[in-house]
Amino acid sequence: MSSYDLLSEPIRKYISEQGWDQLRPIQNSAIHKILTTSNNYILSAKTASGKTEAAFLPILTQVDFSKQGVQVLYISPLIALINDQFKRIEQLCEYLDISVTKWHGEASQSSKKRLIKNPSGIVLITPESLEAMFCNRSHEIPHLFSNLKFIVIDEIHYFDGTNRGIQLNSLLYRIKKESRSNFRLIGLSATIGNIDSIKKMGGQPESTKVLRDPTSKPTSILFKFFKDNGGGINIELYKDLFKETYTSRSLIFPNSRGKVEEITHYLLKISQKGNLHSNFFAHHSSIDKSLREYIENFAKTNTVSPFTICCTSTLELGIDIGSIDKVIQIDSTFNIASLIQRIGRSGRKQGQHSSVVLYHTNSWFLLQSIAIWELNLLGIIDSKSTSFYPFDILIHQMLSIIRSKNGILKIDLLNYLLEDYAFDSCTKEDIELILNSLLEQDILEITGQEILISLKGEYLVNSKDFYSVFESESMYKVIYQNNVIGELPLSPALKLDNKFLLASRVWHIVLIEHESKKIVVQAAKSGDKPTFYGNGIDISHIIKEKMLEILISNQNYDYLDSSSLEELDIIRKEFGSYKLTNYKIDRPVKHSASKTVIYMFSSSKITRTLSLFLDFNNIKNDINDLENTLSLDRIQTAELYRVFIKFNKDSQFLYSFIENLIESNPNILDFTKWGKYLPIKYKVKLLLNEYYDIQNTLDFLNTINLLENLD
DNA sequence: GACCTGCTGCGGGCTG
């Protein structure tokens with residue numbers, strides 16, 4: 001039987017009414033597999049290949065929606081995606097009399113109440129809203145979900161290797177446990193890096209299969225190079241960028257909010273000078289949501305005019321903004337999935353090409369970009385390193401479980417968490433020690449054998465900030481004529497009378513109210529990009545190795561323009577004198593009068609761990625991860641090897657070294673929202689796991705072959 | 001040399 005024939009009559013009717021002449025490959029295989037087996041499936045295919053329908057056509061065929069209770073739960077990382085998908089799924093359900101309910105922080109209270117009163121159909125939700133449901137309506141969980149047949153997780157790669165993913169996994173376990181339902185899991189994604197870790201979502205890796213449509217969209221790609229002139233972006237780059245964009249419908253991704261503001265402002269100025277259109281927009285998280293929605297809507301509804309949206313990763317995932325002709329990346333992305341997702345934003349219409357231009361402003365970004373593109377051509381996607389020891393999320397879920405049960409016997413809590421596959425790397429001893437520490441800190445209390453949230457703990461769990469596992473920065477609202485333009489962190493540059501760019505316009509600060517966190521502004525003529533704070537970023541080992549491989553090969557790449565080619569030649573010649581042959585183990589080391597520089601070409605974590613070892617040995621050192629360097633005071637190569645060998649013994653002493661580091665500077669744990677409540681031993685483990693990579697560093701240093709410049 | 005994500009329940013006042 002063909003996949004089409006397996007579908008129910010109303011679904012077939014829907015398909016013919018849509019005028020689809022055939023099903024897409026991923027839809028064919030998903031329909032067949034979902035309807036004829038009882039496995040879980042991860043559907044992997046490029047953007048705009050009909051993955052949502054691939055999941056829902058068979059689900060709508062198989063599930064009996066006349067039954068009481070929610071039948072299908074769709075989980076998405078973004079509210080905006082839920083709102084888009086709501087329209088599509090509602091349309092699919094038009095003739096089927098199935099209720100579709102949005103459940104997130106901005107969804108209407110009345111539709112939530114309606115669902116509680118009469119649970120049925122399909123519910124679209126975020127992990128945080130699910131968390132809130134467990135906290136505040138735990139007694140409704142069995143009533144809502146005891147008949148649940150499917151959970152669909154959209155953009156599942158987005159959760160992989162993240163704290164939000166561990167939280168979601170724990171919530172999936174809790175749904176199953178509390179509702180006693182036996183749902184199947186369908187995950188959707190365009191960019192799956194680590195299949196094994198994604199298969200663990202839902203806790204049944206053996207019965208979770210991957211269906212993959214490997215076809216990629218034809219992409220015309222061009223690398224350009226405009227060297228930075230020290231004082232920021234080269235003016236020639238702006239001119240070229242303007243030529244590329246002003247007649248097309250394009251997205252520009254410059255990697256930071258500050259650069260988004262700078263570039264949009266500049267392009268707008270060039271356009272106004274030539275009396276051309278002014279459809280240049282800035283789009284990032286610090287611009288007010290209403291303004292962002294206006295821009296998204298402009299792009300979606302305005303099908304004729306050219307426009308350019310300059311954005312951060314806010315427009316990286318599949319939010320519907322209509323058709324885009326061109327995607328532009330300024331300097332390299334930090335991983336492969338990110339570049340593929342961004343490229344996927346263009347040419348979404350069937351048969352349309354993706355047109356992509358990558359600009360580079362220095363040779364290291366150029367090299368990183370070539371490495372990322374070459375790995376993508378090989379079908380490789382680097383994955384985020386999975387969090388092995390999620391002790392901080394364990395605290396969060398511990399508090400959430402106790403809250404939702406209004407107290408629980410100690411033995412029951414221990415068993416509950418031991419069964420929770422989100423924490424299968426945590427032992428019984430770990431859980432007990434962490435629980436005891438929460439009791440000692442007066443966040444929990446114990447009466448008889450029952451664990452309860454204490455008065456101090458109530459402040460934590462009853463805050464509306466409790467439901468998410470990530471921290472949010474403290475921001476000041478920027479207000480112009482009673483309208484909120486956006487929000488900014490209070491940096492030293494934000495002083496009365498100073499000027500700054502936001503939402504592609506220049507503002508002049510006339511009032512700062514610290515109590516209500518407001519900045520009142522007036523329009524001004526010229527100003528600087530605002531300061532945002534961010535942490536460093538980690539690049540994976542596979543990308544760094546590929547950079548060295550490209551550097552020591554003489555392969556040509558036909559997507560490089562002449563200046564990119566020239567720049568690659570220059571940097572290849574620079575490293576040619578080291579006579580490197582094996583990119584796995586050969587590493588250049590440069591000695592000058594006072595300094596020694598090791599070119600690491602290793603994951604950011606390995607470089608950082610080597611730096612930690614050197615700190616431990618009181619050897620002053622300095623990292624530049626972009627340029628792959630670790631610099632020290634002059635030291636002979638033979639001596640370096642001796643130091644490296646010593647690290648094998650040192651590694652056991654690092655523990656107390658890091659303990660001191662945390663005690664003298666508690667701010668290094670700022671990356672974790674719940675980690676500050678952990679016993680010190682677990683703080684150390686968390687930091688070691690999150691920031692360092694001792695085993696791979698030792699392996700790397702034990703095999704490394706340092707080659708000196710022979711000139 | 002970062003980016004992004006999310007959010008309850010209640011009570012009071014107003015509208016139609």
Side-chain angles (χ1 to χ4, degrees), chain A residues 75-83 103-110 112-113 116 125-138 140 154-155 157-159 162-165 167-168 171 228 232 253-261 283-287 289 292 310-319 329-335 337-339 341-342 360-362 364-365 368-369 384 396 400 403-404 458 460-473 475 487 489 531-539 543-544 604 607-608 623-629 671 673:
Chain A
I75 301 174
S76 150
L78 305 180
I79 290 179
L81 265 187
I82 289 185
N83 295 341
W103 188 299
H104 56 63
E106 291 165 19
S108 85
Q109 284 291 329
S110 57
K112 291 180 186 173
K113 278 184 192 144
I116 293 283
I125 201 167
T126 59
E128 287 74 15
S129 281
L130 203 49
E131 184 76 61
M133 221 182 222
F134 270 100
C135 288
N136 304 309
R137 303 172 188 264
S138 60
E140 308 276 9
D154 207 351
E155 306 283 6
H157 68 280
Y158 198 82
F159 293 110
T162 69
N163 284 341
R164 247 182 135 191
Q167 176 190 27
L168 177 56
L171 290 167
D228 243 355
F253 290 95
N255 290 346
S256 81
R257 288 174 282 183
K259 277 199 178 129
V260 163
E261 291 295 346
H283 191 287
H284 56 75
S285 68
S286 294
I287 290 173
K289 202 155 186 173
R292 283 156 67 182
C310 196
C311 56
T312 55
S313 49
T314 42
L315 290 179
E316 185 173 299
L317 292 184
I319 300 166
Q329 174 69 41
I330 314 269
D331 283 331
S332 173
T333 57
F334 307 109
N335 57 60
S338 196
L339 182 63
Q341 290 283 351
R342 290 174 184 189
H360 304 91
T361 62
N362 83 46
W364 289 104
F365 276 134
Q368 188 171 313
S369 240
K384 285 170 226 158
H396 180 248
S400 174
R403 177 180 177 186
S404 80
E458 292 279 349
L460 283 179
V461 300
N462 287 334
S463 143
K464 92 178 174 163
D465 195 41
F466 178 72
Y467 311 105
S468 68
V469 292
F470 47 85
E471 276 297 13
S472 37
E473 243 179 318
M475 294 285 209
E487 41 183 36
T531 309
F532 295 100
Y533 298 114
N535 302 316
I537 39 176
D538 284 0
I539 307 285
I543 291 175
K544 292 291 199 181
S604 311
T607 307
R608 197 182 293 128
I623 297 176
N624 182 332
D625 198 34
L626 172 65
E627 300 186 1
N628 285 293
T629 57
F671 66 89
K673 185 167 169 181

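Every chain is numbered from 1 and lettered A, B, ... according to where its sequence line falls, protein lines coming before strand lines.
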Item to check | Asn624(A) and Thr629(A): side chain donor to acceptor below 3.5 Å | outcome: no
Item to check | Pair His283(A)-Thr314(A), side-chain donor/acceptor within less than 3.5 Å | outcome: yes
Checklist entry - Rounded to the nearest 0.5 Å, how far apart are CD of Gln329(A) and OG of Ser338(A)? => result 7.0 Å
Next on the checklist: Once ring-ring contact (aromatic ring centres under 6.0 Å, His included) is applied, do any residues pair with His396(A), and if so which ones, sequence neighbours excluded?
Outcome noted: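 With sequence neighbours excluded, His396(A) shows a ring-ring contact (aromatic ring centres under 6.0 Å, His included) to Phe466(A), Trp674(A), given in chain and number order.
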Checklist entry - Does His360(A) have any ring-ring contact (aromatic ring centres under 6.0 Å, His included) partners at least two apart in sequence or in another chain, and if so, which? => result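 For His360(A), the residues satisfying ring-ring contact (aromatic ring centres under 6.0 Å, His included) (neighbours in sequence not counted) are Phe223(A).
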How close or far is atom [atom2] of [N] from atom [atom1] of [X], stated in whole angstroms?
| X | N | atom1 | atom2 | result |
| --- | --- | --- | --- | --- |
| Ile319(A) | dC4(B) | CD1 | P | 12 Å |
| Asp538(A) | dC3(B) | CG | P | 15 Å |
| Glu487(A) | dC3(B) | CD | C1' | 15 Å |
| Asn335(A) | dG1(B) | CG | C1' | 14 Å |
| Ile287(A) | dC4(B) | CD1 | C1' | 14 Å |
| Leu315(A) | dT5(B) | CG | P | 10 Å |
| Leu168(A) | dT5(B) | CG | P | 18 Å |
| Gln329(A) | dC3(B) | CD | P | 13 Å |

Checklist entry - Between Ser76(A) and Asp154(A), is a side-chain hydrogen bond (donor to acceptor under 3.5 Å, both in side chains) present by the stated rule, with each step listed? => result CA-CA 5 Å; Ser76(A) 150; Asp154(A) 207 351; 5.7 Å; no
Checklist entry - Taking only residues two or more places apart in sequence or in another chain, which ones pass salt bridge (charged side-chain N to carboxylate O under 4.0 Å, His left out) with Glu106(A)? => result Lys289(A)
Checklist entry - Taking only residues two or more places apart in sequence or in another chain, which ones pass salt bridge (charged side-chain N to carboxylate O under 4.0 Å, His left out) with Lys112(A)? => result none
Checklist entry - Donor-acceptor pair, Lys544(A) side chain versus Asn628(A) backbone, under 3.5 Å? => result no
N/O contacts under 3.5 Å, protein versus nucleotides 6-10 of chain B?
residue : atom : partner   : partner atom : Å
dG6(B)  : OP1  : Ile79(A)  : N            : 2.5
dG6(B)  : O3'  : Thr126(A) : OG1          : 3.3
dG6(B)  : N2   : Asp465(A) : OD1          : 2.8
dG6(B)  : N2   : Ser468(A) : OG           : 3.1
dC7(B)  : OP1  : Gly105(A) : N            : 2.9
dC7(B)  : OP1  : Thr126(A) : OG1          : 2.8
dC7(B)  : OP1  : Ser129(A) : OG           : 2.4
dC7(B)  : OP2  : Gly105(A) : N            : 3.2
dC7(B)  : O2   : Lys464(A) : O            : 2.2
dT8(B)  : O4'  : Asn136(A) : ND2          : 3.4
dT8(B)  : O4'  : Tyr467(A) : OH           : 3.2
dT8(B)  : O3'  : Asn136(A) : ND2          : 3.0
dG9(B)  : OP1  : Arg137(A) : NE           : 3.4
dG9(B)  : OP2  : Arg137(A) : NH2          : 3.1

If you restrict it to nitrogen or oxygen atoms, what contacts under 3.5 Å exist between nucleotides 11-15 of chain B and the protein, and what is each distance?
none

Checklist entry - Of all the nucleotides listed (dT5(B), dG1(B), dC4(B)), which has the minimum atom distance to the side chain of Asp625(A)? => result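 Selected nucleotide (nearest to the side chain): dG1(B).
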